[in-house]
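Heads up, the thing below is written out as structure tokens.
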Amino acid sequence: MTHQRATLRTRVPARLAASALLALSLTAGAAATSAPAATAAEMPCKPRVYYYVYKGSGVNFRTGAGTGYASKGLLHKNDWGKKIATKGSWIKLKLGQKSRSGLAKGTTGWVSKSYVSDCVPMQLD
């Protein structure tokens, strides 16, 4: 057997293994990159427990229940949190994820109920 044939016999299986590994890693990478970004759709759905901002852009997240209280920052559409308390037309939320404006996950504050809605589970038949 010539040296060239012996080299081919060892290179072919190695190349096939490398090709298979590359194909597998590309498939896994495509699956990982095709996953959607975190959205309000990933919010835990429990009616009257979890609420999300559904209208308005730049809704004040306040230190108290009323417009006389200072704003901690802004909430935007699809920011969400768990209900901690209610007072009149205001709801106190604990943010379930970092807000689009940069408020940290776990921050608590008040927002007018007119800008938020609780989730509604859907039954698909």
Side-chain angles (χ1 to χ4, degrees):
M1 184 182 322
T2 66
H3 177 66
Q4 189 176 15
R5 275 186 130 173
T7 304
L8 278 176
R9 282 190 176 180
T10 58
R11 283 188 185 171
V12 170
R15 285 187 178 176
L16 286 174
S19 295
L21 184 60
L22 178 62
L24 182 61
S25 66
L26 288 174
T27 304
T33 58
S34 64
T39 64
E42 294 176 359
M43 171 186 79
C45 189
K46 202 167 193 183
R48 294 179 301 282
V49 175
Y50 294 98
Y51 288 77
Y52 66 98
V53 177
Y54 76 96
K55 68 178 182 179
S57 182
V59 177
N60 283 307
F61 197 49
R62 299 186 178 275
T63 58
T67 56
Y69 290 90
S71 178
K72 291 183 168 190
L74 301 175
L75 297 181
H76 295 276
K77 189 174 182 179
N78 293 330
D79 284 338
W80 63 273
K82 183 176 182 180
K83 178 178 78 172
I84 303 298
T86 59
K87 187 174 186 181
S89 62
W90 293 83
I91 185 167
K92 186 176 187 178
L93 298 177
K94 180 178 181 179
L95 295 181
Q97 64 185 21
K98 183 178 177 181
S99 73
R100 287 183 45 206
S101 65
L103 293 168
K105 176 181 177 178
T107 302
T108 58
W110 294 84
V111 64
S112 172
K113 287 180 182 177
S114 62
Y115 296 106
V116 298
S117 177
D118 61 342
C119 67
V120 179
M122 295 175 56
Q123 181 177 346
L124 303 175
D125 293 328

With sequence neighbours excluded, tell me which residues meet side chain to side chain contact (heavy atoms under 4.5 Å, CB included) with [X].
X: Lys98; answer: none
X: Ser57; answer: His76
X: Lys105; answer: none
X: Ser114; answer: Ser112

What are the two closest heavy atoms between [X] and [Y], and how far apart are they?
X: Cys119; Y: Cys45; value: SG-SG, 2.5 Å
X: Arg62; Y: Thr67; value: NH1-O, 3.4 Å
X: Ile84; Y: Leu93; value: CG1-C, 4.1 Å
X: Asp79; Y: Arg100; value: OD1-N, 3.1 Å

- Note on the structure: The remaining residues in the hydrophobic cluster of Trp110, counting side-chain heavy-atom contacts under 4.5 Å among Ile, Leu, Val, Met, Phe, Trp and Tyr, are Trp90
- Residue from Tyr52, Tyr51, Trp80 passing side-chain contact (heavy atoms from CB on, under 4.5 Å) with Val116: Tyr51
- Query: Just wondering, are more than 12 heavy atoms of other shown residues or ligands nearer than 6.0 Å to NZ in Lys82?
  - Reply: no
- Using a cut-off of 6.0 Å, state whether more than 12 heavy atoms not belonging to Tyr54 lie near its atom OH. yes
- Note on the structure: Across all chains, not counting sequence neighbours, the side chain to side chain donor-acceptor pair (under 3.5 Å) partners of Ser71 are Asn60
- Message: Using the side chain to side chain donor-acceptor pair (under 3.5 Å) criterion, which residues pair with Ser101? Sequence neighbours excluded.
- Response: Ser99
- Side chain proximity check, Val49 to Asp118, heavy atoms < 4.5 angstrom: no
- Query: Does the side-chain contact (heavy atoms from CB on, under 4.5 Å) test come out yes or no for Leu75 and Tyr115, once each step is laid out?
  - Reply: CA-CA 10 Å; Leu75 297 181; Tyr115 296 106; over 6 Å; no
- Message: Tell me whether Lys113 contacts the main-chain N or O of Gly88 through its side chain, where contact means a donor paired with an acceptor under 3.5 Å.
- Response: yes
- Nearest 0.5 Å, what's the CG-NZ distance between Leu103 and Lys72? 8.5 Å
